[in-house]
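Count residues from 1 along the sequence.
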Amino acid sequence: MQTNSQPLNPVARGLRPVVYLYAVINIAVVALLLSTVSPTLATAPAQEMASLR
């Protein structure tokens, strides 16, 4: 079995924290958006429209 002893690309090493930060921000935005969604369906406006007909 060979060990990979080549040094990492300096650009890849520099971008790694940026990618992790981007992923964390995306996860936070998804969590925020999901927290604003109501788990129940809004049926009251549909019933009001049906009663107006």
Side-chain angles (χ1 to χ4, degrees):
M1 190 151 69
Q2 295 178 352
T3 59
N4 191 359
S5 62
Q6 294 177 344
L8 290 176
N9 187 351
V11 175
R13 195 172 355 124
L15 285 178
R16 184 171 292 155
V18 175
V19 171
Y20 289 148
L21 179 65
Y22 183 74
V24 168
I25 290 172
N26 279 329
I27 291 170
V29 168
V30 167
L32 179 66
L33 289 175
L34 288 177
S35 70
T36 60
V37 175
S38 175
T40 59
L41 296 175
T43 57
Q47 290 174 350
E48 288 179 17
M49 291 297 289
S51 68
L52 291 175
R53 293 181 185 171

Mind checking side chain to side chain contact (heavy atoms under 4.5 Å, CB included) for Val11 and listing every partner two or more places apart, or none if nothing turns up? Asn9, Leu15
Shortest non-hydrogen pair, Thr36 vs Leu33, comes out as OG1-O, 2.7 Å
Gap separating the CG atom of Asn26 from the CG atom of Leu21, nearest 0.5 angstrom: 9.5 Å
